[in-house]
Amino acid sequence: SKRNMGDDHAKRLEDEIKQLKIDIRRIGDEPGSPRVKFGELFDDDDVQQYYEALVGTLKSAKKRGVIDFKGQMLLKGMHDNVVITITEEESKV
C-alpha cells in the first residue's frame with residue numbers, strides 16, 4: 001500500500017539523517033568537528049554510495065534543525081565552500 005511506502009521513506013530519511021551526522025564528523029574540518037564543507041561531503045566516496053539524494057537529505061535535516069547552512073539550495077560546484085554545521089542542540093546528543 002502507499003502508506004507503507006511513506007513509512008519506509010520516513011525510516012530511510014531517519015537513517016540518512018543519523019548517518020549524515022556521523023559523516024559530517026568523519027569528513028569535517030578536523031576529526032570529530034561538527035562542520036564540513038559541502039564539496040568535501042559531496043565528494044566523499046562513502047557519501048556518494050550511501051545517500052539516494054544527498055541534497056534532499058541535507059534540506060530535510062536543515063528543516064528539522066539537525067544541521068544548518070547558508071542559503072536554500074546546495075549545488076555542486078557553486079556551493080562547494082558552504083559550511084554545513086551540526087546545530088548546537090544536536091552536537092550535545
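Atom set for the values below is all heavy atoms of this structure, side chains included, hydrogens, waters and symmetry mates excluded.
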Nearest 0.5 Å, please: how far is CZ in Phe38 from CG in Leu54? 5.5 Å

Would you find a donor on one side and an acceptor on the other, under 3.5 Å apart, between the side chain of Gln48 and the backbone of Phe42? yes

Minimum heavy-atom distance between Thr57 and Tyr51, given as atom pair plus value: OG1-CD2, 4.0 Å

Report the C-alpha separation of Met73 and Val55 in whole Å, then their side-chain angles, then the decisive distance to 0.1 Å, and conclude whether the side chain to side chain contact (heavy atoms under 4.5 Å, CB included) test is met. CA-CA 8 Å; Met73 270 303 283; Val55 170; 4.0 Å; yes

What residues form a side-chain hydrogen bond (donor to acceptor under 3.5 Å, both in side chains) with Glu52, not counting sequence neighbours? Arg12

Considering residues, nucleotides and ligands other than Met78, do more than 12 of their heavy atoms fall under 6.0 Å from its CE? no

Polar side-chain atom of Asp80 near backbone of Gly77 as donor-acceptor pair, under 3.5 Å: yes

Between atom CD1 of Ile24 and atom CD of Gln19, what is the distance when rounded to the nearest 0.5 Å? 10.5 Å

How long is the gap from OG1 on Thr85 to NZ on Lys70, to the nearest 0.5 Å? 8.5 Å

Using a 3.5 Å distance criterion without hydrogens, assess whether the side chain of Thr87 forms a donor-acceptor pair with backbone atoms of Gly65. yes

Are Val47 and Val83 linked, directly or through intermediate hydrophobic residues, by side-chain heavy-atom contacts shorter than 4.5 Å (ILVMFWY only)? no

CD1 (Ile84) and CD1 (Ile27) are apart, to the nearest 0.5 Å, by 9.5 Å

Cluster check Leu75, Leu20: I/L/V/M/F/W/Y, side chain < 4.5 angstrom: yes

Check the surroundings of atom NZ in Lys62: do more than 12 heavy atoms from other residues, nucleotides or ligands lie under 6.0 Å from it? yes

Could I get the full list of ring-ring contact (aromatic ring centres under 6.0 Å, His included) partners for Phe69, not counting sequence neighbours? none

Indicate yes or no: at least one non-hydrogen side-chain atom of Val66 is less than 4.5 angstrom from one of Lys21. yes

Would you call Arg26 and Asp23 a salt bridge, using N to O less than 4.0 angstrom? yes

Less than 4.0 Å between a side-chain N and a carboxylate O, is that true for Arg64 and Glu14? yes

Closest non-hydrogen atom pair, Pro34 against Arg25: CB-NH2, 4.2 Å

Please examine the side chains of Leu74 and Leu58, heavy atoms only from C-beta on, and report whether any two atoms are closer than 4.5 Å. yes

Closer than 4.0 angstrom, basic N to acidic O: yes or no for Lys11 and Asp7? no

